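Below is one structure, written out as structure tokens; the observations come after it.
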2 protein chains.
Amino acid sequence: MAQQEPREGRLRPARRLTLAEDVYESIKTLVMDHILPPGERVNIDALARELDVSPTPVREALARLEADGLVRKRPLSGYTTTPLLSRAEFDDLFDVRQLLEGATAGRAATHASAEARERISAEAAASIDVEAGDGYRRHAAFTALDAKFHDLIAEVSGSPLLRDTITRLHSHLHLHRLYFPVAGAPDTNTEHQRIAAAIVAGDAAAATEAMRAHLSAARERHLPAFDQLPAPATPRDSA
Amino acid sequence: MAQQEPREGRLRPARRLTLAEDVYESIKTLVMDHILPPGERVNIDALARELDVSPTPVREALARLEADGLVRKRPLSGYTTTPLLSRAEFDDLFDVRQLLEGATAGRAATHASAEARERISAEAAASIDVEAGDGYRRHAAFTALDAKFHDLIAEVSGSPLLRDTITRLHSHLHLHRLYFPVAGAPDTNTEHQRIAAAIVAGDAAAATEAMRAHLSAARERHLPAFDQLPAPATPRDSA
DNA sequence: CAAAGCAACATCCTATAGGAAATAGGTTCC
DNA sequence: GGAACCTATTTCCTATAGGATGTTGCTTTG
């Protein structure tokens, strides 16, 4: 009622256009960064108080996040964050990524503009300066750069639908254990450059193969995360 | 307030668990059947009155539908149903379907249980009795059966993620012109049986190829729909 | 006659209140 | 001592009201 004036010190950034949109982005970040732990119950009212908004936009944002697969809704029991990926789900994710992203790399190699090839090449080269920094910042920067590279190839592939699908999959990847040390950053850069080179050369088969090899290697690099802790049981999964 | 008691004569079916869920299904049907024409504005209040609920669950349902791609939201202007697929988007959809569903067919052929192969074979054979009926009913039954067959293969493929992705794509297909005469129903059945045979035989390459050929043929059968009417301009698309 | 400006309208967006269901804890009975 | 039942609390779910914004139609002016 009387609190229409802008408030200071809020968790979310300056509002863009609609409040619900901001709330959506805020909650998405909370889930991605595991500030809301996977498999945990999400209290709508508490979240609304935390973000300093009414429960209504929170509810709308959660509905969208449910469609994105980041939270789940049990009919009369409330929302919960999606539990961590199991080993089987993780393997499934990378299988699908190989299929989809292998295709985007091939398509990009076949019909991409000269300007687009230039951008890809530049992006692969720019990956080097991420070596600076350390700890969480370094990990976040590396992850962001990797995502950008993959999205760039998807964009250039010329299939909006394929790109959307891959973007959606990437959300699921962030459900993986977060603070896992990225020892293989240099390897990743090398692999990215191999992919970029194949695309620039216009060799579709080589680009597809390079992408699949890259994802296969990335999968291997992530695997030790499953040995850290035994996957916590998620009794809530039972229908 | 005083209208908590169940009401008669409502548009939507008997409520399942939550009101928002029912509203979601109801609106989804309205969009799929083009009762809400593509590209049209969606009035939240009017829809709430029509469904005899308050605007709040309608808003929540629309948020989910937006994530599904069935409606779009322009920040301070309201929701609109997604416009009809353009020729380019239609081609893109079938390109992606070939990629994804070709993979599911191959996977199904490789590792499917004997029981699963039996189900697929039965489903392909059952497609024949859809010849009965006529007009809209026949079309709806045929579409449902086709969707079921494709989903069955996706299920058997053993990749939940792949199956979800394909299901999502199918929603987009329904954005295509609806009342298009399905002249090629017999052809569809023949193609389905070819796919089923390859899967039963365990020939992954043949299954993939049969699926791709089927989708290619289906695409051709749908193409004349674009000649019926010139695609209506959608001026609302401009940012 | 056309274009720009203004005003009224309709619509969306957010906040708050109240009822219903599910969960958790304690108690009692076997 | 364990299990089942009951009660209280918490939480979700729905409905309603009010403020802000975009849109549309009309009027006026060049």
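Labels below follow one simple rule: chain letters A, B, ... track the order of the sequence lines, proteins then strands, and each chain is numbered from 1. A quick note: this is a predicted structure, and the numbers were derived from the prediction, not measured. Atoms considered below: every heavy atom in the structure, side chains included; atoms not considered: hydrogens, waters and symmetry mates.
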Taking only side-chain nitrogens and oxygens of A:N43, does any of them come within less than 4.0 Å of OP1 or OP2 of D:dT10?
no
Which whole-number value in Å describes the distance from B:D45 CG to D:dA15 P?
13 Å
A:D52 CG - C:dT16 P separation (whole Å):
10 Å
Main-chain N/O of A:D92 paired to B:S159 side chain as donor or acceptor, under 3.5 Å:
no
Among D:dT14, C:dA15, D:dT23, the nucleotide that comes nearest once only the side chain of A:L19 is considered:
C:dA15
Nearest whole angstrom, please: distance from the P of D:dT14 to the CZ of B:R49.
19 Å
Check this one for me: any side-chain N or O of A:S54 less than 4.0 Å away from OP1 or OP2 of C:dT14?
no
In terms of the nearest nucleotide of DNA chain C, which residue is placed more toward the 5' end: A:S77 or A:E60?
A:E60
With a cut-off of less than 4.0 Å, is there a side-chain N or O of B:R59 near OP1 or OP2 of C:dC12?
no
Atom-pair distance (CD on A:E21; P on C:dC12), nearest Å
17 Å
Distance in angstrom units between B:I44 CD1 and D:dA15 P, rounded:
15 Å
Looking at B:F94, does the NZ or CZ of B:R219 lie under 6.0 angstrom from its six-membered ring centre and within 45 degrees of the ring axis?
no
Could you state the OH-P distance from A:Y79 to D:dC12, rounded to the nearest angstrom?
10 Å
Ion pair present between A:D45 and A:R49, side-chain N to carboxylate O less than 4.0 angstrom?
no
How about B:T56 and A:R59: does a side-chain donor come under 3.5 Å of a side-chain acceptor?
no
What's the CZ-C1' distance between B:R41 and D:dT23, to the nearest Å?
8 Å
Using a cut-off of 4.0 Å on non-hydrogen atoms, how would the nucleic acid contact of A:V42 be classed: base, sugar-phosphate, or nothing?
sugar-phosphate
